[in-house]
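Just below is one structure, and these are the notes that go with it.
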Amino acid sequence: MSELTETSEGYDVHAIQERWLGVWDELAPFRSGRPDDTRPHRYVLDMFPYPSGDLHMGHAEAYALGDVIARYWVQRGFNVMHPIAWDAFGLPAENAAIKRGEDPVRWTYENIAQQRASMRRYACSFDWDRTFNTCDPEYYRWNQWFFLRMFERGLAYRKASNVNWCPNCQTVLANEQVVAGSCERCDTQVTKKKLTQWYLRITDYADRLLDDMAQLEGNWPDKVLLMQRNWIGRSTGAEVQFAIEGRPEPVTVYTTRPDTLYGATFFVVAADSDLAAELAAGTSAEAAFTAYLEQVKQTSEMDRLDSSRAKTGVFLERYAINPVNGERIPVWASDYVLADYGTGAIMAVPAHDQRDLDFARAFGLPVQVVVDAGEDPAVTGIATADDGPHVNSGPLDGLGKAEAIEAILQVLSERGTGQAAVNYRLRDWLISRQRYWGTPIPIIHCPSCGEVAVPDEQLPVVLPPAEGLDLKPKGSSPLGAAHEWASVPCPSCGEPATRDPDTMDTFVDSSWYYLRYADPRNETAAFDPQQVRQWLPVDQYVGGVTHAILHLLYSRFFTKVLCDMGLVDFTEPFTRLLNQGMVVMNGSAMSKSRGNLVRLSDELAVHGVDAIRLTMVFAGPPEDDVDWADVSPGGSRKFLARAWRLSGDVTSAPGVDVTAGDLALRKATHRAVHDAGVAIESFRFNVAIARAMELVNITRKAIDTGCGPADPAVREAVQAVAIMLSVVAPYTAEDMWARLGHQPCVALAGWPEVDPALLVEDLVTCVVQVAGKVRDRLDVPPSIGADDLRDLALASPQVVAALAGSEVKTVIVRAPKLVNIVPA
RNA sequence: GCCCUCGUAGUCCAAUGGCAGAGACACCCGGCUUAAACCCGGCACAGUGUGGGUUCGAAUCCCACCGAGGGCACCA
């Protein structure tokens with residue numbers, strides 16, 4: 001490290017870091033709560049970290065990018081709120097407690113202290129007055145408060161269902177937390193379990209979650225919007241009622257193709273549904289069904305998701321009646337029908353649905369073509385889903401798909417056996433967790449009153465100390481064993497009752513934290529609506545794409561609920577979203593087990609904070625992954641040293657009249673400042689840095705071989721470099737600023753004003769093409785008229801030669817940069 | 001299987017229908033040095049994955065294919 005001092009001619013990164021840290025603490029340039037602050041507001045938000053240890057390379061990238069945006073808007077004169085907090089509840093704390101006997105509270109707060117210190121050194125422009133931890137009762141009491149408000153509105157409810165269960169984490173998971181049949185957190189295969197759990201009714205908001213995306217179009221990555229759309233999975237079709245022989249009530253199915261109703265040749269119910277058990281009961285098929293159900297339960301989620309798997313099922317010896325033609329069709333049970341999508345039962349149209357066709361072929365069931373697509377699926381084995389004239393369909397014959405759907409809906413609704421319907425893939429959000437380190441669910445179970453809300457004045461329901469509790473996962477909540485804590489009188493009748501032993505999914509914590517920043521110390525409300533109105537919605541959100549569905553969907557849902565409650569007056573919390581890529585090593589994600597882990601603390605020790613930040617931002621477009629094998633933190637440091645040395649060469653005094661300076665250098669400076677600003681505002685930070693590098697190179701030359709160090713333009717250029725660098729390399733920039741004779745902070749110096757007159761070139765090069773080939777270059781004034789330029793181009797000897805006497809057909813003039821002459 | 005994104009010097013990346021190169025890494029060559037490092041300067045390197053099309057003009061728009069990455073996937 002001492003090597004750095006010697007090799008950079010005075011640019012000693014570590015000395016510079018030490019010099020300014022304390023000064024910044026003192027001046028707190030990024031405090032956003034000053035009452036007399038008249039600057040317009042802007043809210044830049046980084047996704048808050050989970051305190052599982054010290055900061056790592058991923059944090060370094062994300063926070064460097066967010067910081068560029070926040071610092072840039074400060075330079076542009078905004079009062080920027082750029083806060084940070086800790087997403088401090090969750091399994092790692094608890095697992096550390098189990099593994100090493102550490103108190104989750106202590107473990108968590110120690111990590112937070114370490115991360116906080118690292119962020120300070122990393123020079124993040126956070127407003128340190130607004131931090132909080134979600135594991136503080138002062139915060140999570142509002143989780144409970146929101147939960148109770150939703151409970152009152154019927155948006156929080158308890159139901160028994162087949163839920164996702166992670167055998168390793170020993171807790172249930174929301175649908176969103178199951179990735180390809182495995183636990184999102186630990187990758188263990190998820191199993192199903194029948195449990196009574198708490199849910200938030202996000203499905204009530206499915207349409208609004210979908211439709212409000214129109215507001216986000218263009219401001220969020222398309223990819224994220226697409227993922228959310230897929231996840232919500234709205235489909236339109238119809239519900240159709242089928243009578244079942246020997247059953248008083250008909251069974252409703254959902255289909256997107258009601259027009260193919262005449263082609264339904266059998267009926268399938270989900271094997272694991274209550275309906276299947278009911279229909280099988282008492283029939284001669286019951287034994288076969290029970291055996292089949294057992295086999296289905298053994299099938300892992302992974303295998304179940306494999307769509308190439310052969311179809312299985314069992315005939316229930318029951319029959320359904322097709323409501324349009326009275327046909328008697330057999331009822332089967334199979335696991336290719338899902339119990340929790342639609343109604344858990346389908347009409348099977350093998351000719352026009354591949355899954356149904358596969359099933360029909362496996363069990364020798366008939367195939368009836370009702371849409372003529374020129375091929376017979378029974379022969380080809382390929383179901384036809386295309387449009388075509390309907391056949392064998394009574395009144396639908398001859399109609400195309402759209403007309404047939406309309407016609408059949410008409411028939412069904414007239415007869416009262418069906419109607420148009422919408423279905424969603426989205427399920428309600430399961431929020432109960434059978435773990436300790438989370439927000440207690442504020443419900444008391446009373447033998448006589450049932451589920452009773454904890455009265456608001458008794459909030460927060462504080463977690464009991466972990467000491468003395470067995471936190472080992474065993475499938476039931478550790479809190480249930482905290483008898484003293486759990487035993488309370490019923491708030492309603494006063495009889496002995498027990499607290500709900502489960503804790504909330506930690507995604508509840510992060511679903512509204514961005515609101516708390518506006519008013520983080522409020523003890524009487526989650527936030528003051530007035531404060532929230534001032535700052536929100538978030539102008540710019542920065543975070544990883546890993547949260548494309550989970551956190552972002554839940555947050556959007558919460559915002560809409562709060563809007564309905566009148567607590568906020570907007571429906572979308574994050575106006576703009578930037579997804580940064582990951583930091584990888586040699587093409588693959590860094591991990592200890594792969595042996596390719598690069599430690600942030602090591603990199604910082606070798607290259608310094610500024611060089612690491614610069615490397616992250618300069619590596620490429622922010623949404624691309626940064627491959628640490630492809631970048632050069634040493635090169636970044638070299639550039640910073642080069643820029644820094646400029647500040648020592650300037651001999652003019654601060655405040656010198658720059659308008660008298662060298663014109664060429666001034667033009668370069670204003671061009672660089674202008675272009676860098678445009679680039680930053682369109683998230684092309686790497687390009688902005690390239691502009692700064694260019695200006696450094698030009699200024700170096702001007703000092704050494706041009707106008708010389710005393711020219712006022714040199715001062716103007718170097719000051720511009722310092723300010724441009726202040727958004728990405730704050731230590732270097734601050735030191736340059738001081739060496740230029742200014743007081744700190746450069747962060748508040750203001751983005752240099754660009755003089756439009758200096759952006760205009762005296763002469764521009766006009767390319768003259770003949771038939772698209774460049775034949776000549778003309779230096780012309782930028783204001784040249786099209787006709788003048790055309791004449792000039794046609795007079796060019798090179799053009800005349802290239803035309804070789806042939807007639808000119810067209811001349812395309814794009815003054816002042818291009819003329820294209822098209823010969824006949 | 002369906003959908004999306006992306007293929008530009010040895011490498012990372014610029015170029016938003018108009019001269020393919022802004023910036024950087026690595027390499028090489030000079031200058032500085034007793035020498036080296038640092039520093040300064042410079043050279044060189046691709047015709048844009050492939051094949052068609054639209055256009056006066058295509059890295060950019062359209063189609064097909066190849067390759068890479070990502071999302072969804074028995075959702076009726």
Side-chain angles (χ1 to χ4, degrees), chain A residues 3-4 6-9 11 180 221-227 229-231 233-235 237 253-258 260 268 270 304-309 311 334-338 340-349 352-356 358-359 423-427 545 548-549 587 614-615 618-621 623-627 629-636 638-639 641-642 645 672 675 679 682 684 686-697 700-701 704-705 765-777 809-814 817-823:
Chain A
E3 162 202 3
L4 290 182
E6 292 157 21
T7 55
S8 303
E9 293 185 15
Y11 177 72
D222 290 342
K223 187 177 152 178
V224 174
L225 295 175
L226 183 72
M227 283 168 73
R229 248 179 226 117
N230 286 342
W231 188 261
R234 178 161 65 190
S235 77
V253 300
Y254 173 73
T255 176
T256 54
R257 292 294 305 274
T260 62
V268 190
R304 214 193 126 108
L305 287 171
D306 178 8
S307 50
S308 63
R309 191 170 58 107
K311 294 280 181 287
S334 173
D335 65 353
Y336 90 87
V337 172
L338 306 176
D340 55 358
Y341 181 79
T343 62
I346 63 155
M347 66 174 203
V349 185
H352 307 297
D353 182 288
Q354 190 60 45
R355 297 152 300 181
D356 296 344
D358 293 344
F359 193 84
N423 230 306
Y424 304 91
R425 215 186 71 117
L426 181 72
R427 308 293 149 78
V545 75
I549 293 169
L614 178 66
T615 302
F618 184 56
E623 49 284 310
D624 287 8
D625 288 347
V626 175
D627 194 326
D630 287 337
V631 296
S632 170
S636 297
K638 255 169 64 175
F639 163 70
R642 195 169 143 82
R645 279 195 306 273
D675 288 0
S682 51
R684 283 145 57 238
N686 53 329
V687 177
I689 291 167
R691 293 289 96 82
M693 288 172 164
E694 219 174 348
L695 182 58
V696 167
N697 292 341
R700 179 80 263 154
K701 256 180 216 160
D704 293 345
T705 59
T765 302
C766 176
V767 174
V768 183
Q769 299 175 333
V770 175
K773 282 205 174 75
V774 179
R775 295 297 181 185
D776 197 6
R777 294 184 170 83
K809 190 174 140 201
T810 336
V811 181
I812 287 125
V813 183
R814 291 282 178 275
K817 300 201 67 170
L818 180 125
V819 176
N820 189 12
I821 296 154
V822 187

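Just so it is clear: chains get the letters A, B, ... in the order the sequence lines come, proteins before strands, and each one is counted from 1.
Taking 4.0 angstrom as the limit, Lys638(A) places none of its side-chain polar atoms (N or O) nearer than this to OP1 or OP2 of rC40(B). For rC19(B), the OP1/OP2 oxygens have no side-chain nitrogen or oxygen of Arg775(A) closer than 4.0 Å. OP1 and OP2 of rG18(B) both lie 4.0 Å or more from every side-chain N or O belonging to Arg777(A).
Checking rC72(B), rC40(B), rG18(B) against every side-chain atom of Ile549(A), the shortest atom distance belongs to rC72(B).
In this structure Thr256(A) satisfies the side-chain contact (heavy atoms from CB on, under 4.5 Å) test together with Ser235(A), Tyr254(A), sequence neighbours excluded. Under the side-chain contact (heavy atoms from CB on, under 4.5 Å) criterion, Ala771(A) pairs with Pro823(A), not counting sequence neighbours. Partners of Phe359(A) under the ring-ring contact (aromatic ring centres under 6.0 Å, His included) rule, at least two apart in sequence or in another chain, are Phe266(A), Trp332(A), Tyr336(A), Phe363(A). Checked against side chain to side chain donor-acceptor pair (under 3.5 Å), Arg427(A) has the following partners two or more places apart in sequence or in another chain: Asp340(A). Applying the side chain to side chain donor-acceptor pair (under 3.5 Å) test to Asp675(A) and every residue at least two apart in sequence or in another chain returns Arg671(A). By the salt bridge (charged side-chain N to carboxylate O under 4.0 Å, His left out) test, Asp222(A) pairs with no residue at all, sequence neighbours left out. Residues passing the side chain to side chain donor-acceptor pair (under 3.5 Å) test with Ser334(A), sequence neighbours excluded: none. Checked against salt bridge (charged side-chain N to carboxylate O under 4.0 Å, His left out), Arg229(A) has the following partners two or more places apart in sequence or in another chain: Glu217(A). By the side chain to side chain donor-acceptor pair (under 3.5 Å) test, Ser682(A) is found to be paired with Arg684(A), residues two or more places apart in sequence or in another chain being considered.
Among the protein residues, Gln354(A) comes within range of no part of the nucleic acid, since none of its heavy atoms lies under 4.0 Å from any strand. Using a 4.0 Å heavy-atom cutoff across all strands shown, Ser235(A) reaches sugar-phosphate atoms only and no base atom.
Helical stems involving RNA chain B, defined as 3 or more consecutive Watson-Crick or G-U pairs under 3.5 Å, span B:1-7 with B:66-72, B:10-12 with B:23-25, B:28-31 with B:39-42, B:49-53 with B:61-65.
Using modelled atom types, one finds a donor on one side chain and an acceptor on the other under 3.5 Å when comparing Asn697(A) with Arg642(A).
Between Thr255(A) and Val349(A), every side-chain heavy-atom pair lies at or beyond the 4.5 Å cut-off.
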Could you list, one pair per line, each protein nitrogen or oxygen that sits under 3.5 Å from a nitrogen or oxygen of nucleotides 1-5 of chain B, together with the distance?
none

(Q) For nucleotides 9-15 of chain B, give me one character per nucleotide, 5' to 3': B if any protein heavy atom sits under 4.0 Å from the base, S if the only such contacts are to the sugar-phosphate, - if neither. (A) --SSSSS

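Between the base of rC74(B) and the side chain of Lys311(A) there is a donor-acceptor pair shorter than 3.5 Å.
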